[in-house]
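See below for the structure under consideration.
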Amino acid sequence: MPLRVYNTLSGTKEEFVPIAPGAVKMYVCGVTVYDYCHIGHARANVVFDVIYRYLRHAGFDVTYVRNYTDIDDKIIRRANEQGLAWDEVAGRFIEEFDKDMASLGLELPTHQPKATEHIAEIIDLVRVLVEKGHAYQAGGDVYFCVEKFDPYLRLSKRSLEEMQAGARIEVDERKRHPMDFALWKEAKPGEPWWESPWGKGRPGWHIECSAMSMKYLGETFDIHGGGKDLIFPHHENEIAQSEAATGKQFVRYWLHNGFVNINAEKMSKSLGNFFTIKEVLEKFDSEVLRFFLLTAHYRSPLDFSDQNLSEAMAGLERIYSALAGIEDAVAGRTPPSVVDVAPDELSEAQRELLDKARTLIDRFREAMDDDFNTALVLGHVFDAVRTVNRVLAEGVKGDAAVAIVTDLRDKLREIGGVLGVFGSEPAEFLDRLKKRKAATLEITEEEILRLIEERTAARKAKDFKCSDEIRDYLLAKDIQLLDSAAGTTWKVK
RNA sequence: GGCGACGUAGCCAAGUGGUAAGGCAGAGGUCUGCAAAACCUUUAUUCAGCGGUUCAAAUCCGCUCGUCGCCUCCA
């Protein structure tokens with residue numbers, strides 16, 4: 001089944017056919033570096049990280065470019081507020097961005113260009129637009145002329161008339177048309193500047209993405225991604241600048257991720273209802289956050305709340321518990337190849353697992369091929385987890401059982417490799433969660449272990465009244481004891 | 001005001017014409033000294049409402065209600 005993606009440009013799912021067979025050129029708008037990243041940024045970047053990984057998994061040779069916009073009005077404003085140099089602000093938040101993305105387990109893109117390192121390309125592009133009559137100089141500014149670019153607003157499916165009807169923007173008198181936008185901005189006193197044919201100034205927003213994407217990926221490339229909020233004006237303007245300059249189609253497939261909501265409202269700086277990645281990672285494990293972001297389809301809105309995060313944590317814990325169970329069951333055993341397993345020697349649960357495992361990767365690909373449906377993939381994963389738990393519950397005895405359980409583990413890891421989850425050692429992950437939860441307890445680990453010992457002694461002496469008292473005491477403090485043949489362990493409720 | 005999206009169980013969520021995946025929470029059972037975990041069974045005759053098209057609709061069309069987004073910086 002071919003890969004199908006939802007293309008904002010056509011408004012439908014289309015079969016994905018790259019320009020060059022076997023190779024994908026993809027550009028995703030990064031961030032303007034003037035503040036910490038919030039969960040919305042986390043979503044966008046995780047989503048495209050998964051798309052990047054899946055395209056490679058599907059056999060494509062992917063060139064992935066994600067930029068830093070490190071010169072912009074907001075950076076200058078922030079620098080002035082904090083009494084810092086603009087490039088100090090940019091440098092600092094580039095570092096913070098990198099840290100956040102690393103903690104979310106993102107792979108590095110092929111290129112991560114910075115706007116300020118591509119001023120020459122930007123000026124060249126603006127010059128071409130002026131020469132071709134698509135842009136005009138007004139004082140030290142250069143504006144793009146939207147009326148001369150016929151397909152303008154095709155991506156957002158609007159018209160200039162509609163936009164003006166609802167316009168709330170103040171019109172700059174130097175613009176020929178109110179919707180014209182700046183390609184180059186004259187430097188005001190004290191502002192950063194670069195020398196240009198139009199005097200000292202800096203790039204406008206939008207132009208850096210056109211210049212950098214075309215430099216690294218060519219004048220026409222396959223995929224351009226970003227949050228839905230970038231459709232207008234950012235991506236619309238990128239298309240206008242790029243296509244007016246080259247006369248060629250800029251991008252074939254436009255992919256946009258949905259917002260992260262708080263109480264059904266978009267998380268955004270202006271509403272002030274945002275959580276930074278840092279803040280959330282203080283409360284939840286980074287893999288839990290990443291897993292949560294994949295529980296909904298990337299184009300749907302995703303409601304962020306402690307409860308939803310906790311549910312994601314419970315789900316991920318269930319998966320890791322199964323993986324840990326598999327590790328325990330197969331530890332030190334070398335399984336024969338699963339292809340040698342004879343189905344008629346298996347129990348019913350084992351046969352079911354064999355069947356499920358056999359089709360798991362196909363179902364995974366089918367879901368991902370349908371516009372990267374990670375939520376459906378997780379459904380398949382849970383389905384497999386339930387089946388393997390059944391096998392674990394009846395005991396993994398013969399070689400055949402070891403083989404099929406190991407095979408399933410490998411397949412879950414393969415899927416996890418694309419989603420960027422399930423990569424930790426199961427026991428280590430569960431321990432990590434436990435430690436994190438334990439940090440909020442009003443009882444120390446030493447105390448818990450001492451009480452467990454006491455209880456074990458009581459149980460040995462068949463003093464169940466005493467042992468139950470200890471268990472209930474711990475339970476009141478959110479400690480759940482788990483007895484097994486191997487001894488007693490504990491977890492935080 | 002213009003344009004657009006969405007509304008599936010207590011909660012989260014997949015499903016775009018063939019008779020409602022999956023997770024969390026809940027109930028009952030197996031296991032257990034008792035629990036927990038795990039497993040089994042169970043929880044939407046129904047997909048915001050009302051009409052229409054069709055042999056067949058959560059899926060297509062129309063209207064109504066509700067929520068949200070974009071039109072200004074935003075992932």
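For the numbers below, each heavy atom of this structure counts, side chains included, while hydrogens, waters and symmetry mates do not. In what follows, chains carry the letters A, B, and so on, assigned in the order in which the sequence lines appear, proteins first and then strands, with residues in each chain numbered from 1.
Summary of the strand contacts: A:Leu481 and A:Ala393 both lie near RNA chain B, and taking for each the nucleotide with the nearest heavy atom, the more 5' one is attributed to A:Leu481. Comparing A:Gly258 and A:Lys13 along RNA chain B, the residue whose closest nucleotide (by nearest heavy atom) sits nearer the 5' end is A:Lys13.
With rounding to whole Å, A:Leu293 atom CG is found 13 Å from B:A13 atom P. Atom CG of A:Leu475 and atom P of B:A35 are 13 Å apart (whole Å). In this entry the distance linking CZ of A:Phe181 with P of B:U72 reads 14 Å, nearest Å. The CG-P distance, from A:Leu271 to B:C73, rounds to 15 Å in whole Å. As rounded to whole Å, 11 Å separates atom P of B:A75 from atom CD1 of A:Ile277. Summarising the geometry, the separation between NE2 on A:His234 and P on B:A75 is reported as 9 Å, rounded to the nearest angstrom. Taking atom CG of residue A:Leu392 and atom P of nucleotide B:C39, one finds them 9 Å apart after rounding to whole Å. Atom CG in A:Asp49 sits roughly 15 Å away from atom C1' in B:A75 (whole-Å rounding).
Taking 4.0 angstrom as the limit, A:Ser305 places none of its side-chain polar atoms (N or O) nearer than this to OP1 or OP2 of B:C12. Dashed line: the shortest gap from a side-chain N or O of A:Asn45 to OP1 or OP2 of B:A75 is not under 4.0 Å.
With both ends at atom P, the span from B:G33 to B:A20 equals 42 Å, rounded to whole Å. Distance check on atom P: B:U42 versus B:C3 gives 49 Å, rounded to whole Å. B:A13 and B:G51 are spaced 29 Å apart, taking the C1' atom of each and rounding to whole Å. Taking atom C1' in both B:G17 and B:C47, one finds a spacing of 15 Å when rounded to whole Å. As rounded to the nearest Å, B:A27 and B:C6 have P atoms that lie 36 Å from one another. Look at the C1' atom in both B:A36 and B:G66: the space between them is 43 Å, to the nearest Å. Taking atom P on both B:G52 and B:U67, the two are 28 Å apart, rounded to the nearest angstrom. Here the separation of B:G23 from B:C60, taken at their P atoms, is 27 Å to the nearest Å.
Relative ring orientation between A:His235 and A:His224 is described as perpendicular, the plane-to-plane angle rising above 60° on a 0-90° scale split at 30° and 60°. Taking the six-membered ring where tryptophan is involved, the planes of A:Phe16 and A:Tyr253 are tilted, since the angle between them lies from 30° to 60°.
Nucleotide B:A48 is matched to B:U64 when pairs are restricted to Watson-Crick or G-U wobble geometry with both distances under 3.5 angstrom. In this structure, B:C39 and B:G29 make a Watson-Crick or G-U wobble pair, each of the two defining distances being under 3.5 angstrom. B:U59 is unpaired under the criterion used here, namely a Watson-Crick or G-U wobble arrangement in which both key atom distances are under 3.5 Å. Across all strands shown, nothing is found opposite B:U72 as a Watson-Crick or G-U wobble partner with both distances under 3.5 Å. The pairing partner recorded for B:A21 is none, the criterion being a Watson-Crick or G-U wobble arrangement whose two distances lie under 3.5 angstrom. For B:A13, there is no paired nucleotide, since no Watson-Crick or G-U wobble pair has both relevant distances below 3.5 Å.
Considering only residues two or more places apart in sequence or on other chains, A:Asp141 meets the side chain to side chain donor-acceptor pair (under 3.5 Å) condition with A:Tyr143, A:Arg174. Looking at residues two or more places apart in sequence or on another chain, you find no side chain to side chain contact (heavy atoms under 4.5 Å, CB included) involving A:Glu95.
Of all nucleotides listed (B:U67, B:A75, B:A36), B:U67 comes nearest to the side chain of A:Ala264. Side-chain atoms of A:Arg158 lie closest to B:G2 of the nucleotides B:G2, B:A37, B:A14. When each of B:C73, B:A37, B:A38 is scored by its nearest atom to the side-chain atoms of A:Asn389, the top-ranked nucleotide is B:A38. In the set B:C73, B:G15, B:G69, the nucleotide with an atom closest to the side chain of A:Phe259 is B:G69.
At the heavy-atom level, A:Lys266 lies under 4.0 Å from base atoms of the strands shown. Nucleic acid contact class of A:Thr295 (heavy atoms, under 4.0 Å, all strands): sugar-phosphate only. A:Val260 comes within 4.0 angstrom of a base, heavy atoms only.
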Inset, instruction - Between protein and nucleotides 21-34 of chain B, map the contacts as a letter string: B base, S sugar-phosphate only, - none, heavy atoms under 4.0 Å, written 5' to 3'. - result: BSBB--------BB
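A:Leu316 places a side-chain heavy atom less than 4.5 Å from the side chain of A:Phe422. Contact of the A:Leu360 side chain with the A:Glu414 side chain is not registered, since no non-hydrogen atoms from C-beta on lie closer than 4.5 Å.
Side chains of A:Tyr64 and A:Asp49: a donor-acceptor N/O pair is absent below 3.5 angstrom, by distance only.
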Legend entry - Verdict with reasoning, A:Thr69 to A:Asn67, per side-chain hydrogen bond (donor to acceptor under 3.5 Å, both in side chains): CA-CA 6 Å; A:Thr69 295; A:Asn67 70 291; 3.0 Å; yes
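Rounded to the nearest 0.5 Å, atoms CZ (A:Arg471) and OG1 (A:Thr488) are 10.5 Å apart. Distance check: A:Ile404 CD1 to A:Ile326 CD1 gives 10.5 Å after rounding to the nearest 0.5 Å.
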